[in-house]
Protein chains: 2
Amino acid sequence: MVLDCLSDPIRLAIVYQLAQQERVSSELCCGDFSGLGGKSNLAYHFAKLRECGLMQTRLAGTNRFMRLRREDLDARFPGLLDAVISSAARDADRLQLLSGCDLVKVD
Amino acid sequence: MVLDCLSDPIRLAIVYQLAQQERVSSELCCGDFSGLGGKSNLAYHFAKLRECGLMQTRLAGTNRFMRLRREDLDARFPGLLDAVISSAARDADRLQLLSGCDLVKVD
DNA sequence: TCTCATGTTCAACGTTTATTGAACTATTCG
DNA sequence: CGAATAGTTCAATAAACGTTGAACATGAGA
């Protein structure tokens, strides 16, 4: 399930963006990914990412803030997330969907 | 492409079995995977694994021997293969398809 | 309260995917 | 040569997937 989740370019871009955000130890809300697709399409991908345990959602008012479930993932699939993220970073310029992902929430 | 390839249980089982075989530095031929499905179905999965660069096929008479493209994969996606293999090994008993994969070619 | 903004859910659609069996190619061995 | 073995290719089918827009739910703010 996890590998299938990560194999979709949009979901990989979401995970990649969440991983970048990890450094700042803050979260991202759905709207921050609007560059990757329409709202309903993103909601579909968010659901898949939640189902397979890749990310977690925190409700705050009308926003939903999400973050990677880094610890759980590293415990269950050691090294997988880092390998995927670093490979994604390496090819970021080749993937249209990932270009611009280094941008941090403008706020 | 690689992640999508690895997300299928049959292909993951094939890769896992090939990884086990790596230790003995020998190869496996198509028939060795007959426990995972029918011939034509396996040929379909083999083609996908070849297309995304996960494995290589060597023709020898009427047999086709295959092996993981370990070096190329480690160069392009560092740590990915090891992470996937070790996670697969960890859950091997939970996955029906992977049970019995530790068996080495009987010959 | 009324309205706007943020997300989710649902139904519909076209595409891709995995699986099957039959037909086919090619090699070995008698 | 003829039969058997090892795999691939092809066509058909059913299921799963990604995408879209419309409808819905919910909280914030005037």
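Convention: sequence-line order gives letters A, B, ...; per-chain numbering from 1.
Each of B:Arg11 and B:Gly61 was assigned the nucleotide of DNA chain C with the nearest heavy atom; the assignment lying further toward the 5' end belongs to B:Arg11. In terms of position on DNA chain D, the residue among A:Tyr44 and B:Asn41 whose nearest nucleotide sits closer to the 5' end is B:Asn41.
One distance of note links CE of A:Met66 with SG of A:Cys29; it measures 7.0 Å at 0.5 Å rounding.
A:Phe46 comes within contact range of the sugar-phosphate backbone alone, with a heavy-atom separation under 4.0 Å but no base atom that close. Using a 4.0 Å heavy-atom cutoff across all strands shown, B:Gly38 reaches no nucleic acid atom at all.
Here the nucleotide nearest the side chain of A:Lys39, chosen from D:dG7, C:dG7, C:dT8, is C:dG7. Of the candidate nucleotides C:dT19, C:dG7, C:dT27, C:dT27 has the atom nearest to the side chain of B:Thr62. Looking at the side chain of A:Ala43, the nearest of the listed nucleotides D:dT8, C:dT17, C:dT8 is C:dT8. The side chain of A:Asp8 lies closest to D:dG18 when the candidates are D:dC17, D:dG18, C:dG7. Picking from C:dT9, D:dG7, D:dT19 the nucleotide with the shortest atom distance to the side chain of A:Ile10 gives D:dT19.
The closest side-chain heavy-atom distance from B:Val15 to B:Leu81 is below 4.5 Å. The closest side-chain heavy-atom distance from B:Leu3 to B:Leu80 is below 4.5 Å. Contact of the B:Met55 side chain with the B:Arg67 side chain is not registered, since no non-hydrogen atoms from C-beta on lie closer than 4.5 Å. Considering only heavy atoms from C-beta on, A:Arg70 stays 4.5 Å or farther from A:Leu54 through its side chain. At least one side-chain heavy atom of B:Ile85 sits under 4.5 Å from a side-chain heavy atom of B:Tyr16.
In this structure, B:Arg50 reaches the D:dT8 phosphate: one of its side-chain N or O atoms is under 4.0 Å from OP1 or OP2. In this structure, B:Arg64 does not reach the C:dA26 phosphate: none of its side-chain N or O atoms is under 4.0 Å from OP1 or OP2. Distances shown here put every side-chain N or O of B:Asn63 at or beyond 4.0 Å from the OP1 or OP2 atom of D:dT5. Between B:His45 and C:dT19 there is a side-chain N or O to OP1 or OP2 distance below 4.0 Å.
Summarising the geometry, the separation between CG on B:Leu42 and C1' on C:dG21 is reported as 15 Å, rounded to the nearest angstrom. Straight-line distance from the CE atom of B:Met55 to the C1' atom of D:dG7: 12 Å, rounded to whole Å. We find that NZ of A:Lys48 is positioned 19 Å from C1' of C:dG7, with the value rounded to whole Å. The distance between atom CG of B:Leu3 and atom P of D:dC17, rounded to the nearest whole Å, is 16 Å. At whole-Å resolution of the value, CZ in B:Phe33 and P in D:dT8 are 11 Å apart. Atom P of nucleotide D:dC17 and atom CG of A:Leu6 are separated by 15 Å, given to the nearest angstrom. Residue A:Leu59 contributes atom CG, which lies 17 Å from atom P of D:dA25 at whole-angstrom precision. Across the protein-nucleic acid pair, B:Phe65 atom CZ and C:dT27 atom P stand 15 Å apart, rounded to whole Å.
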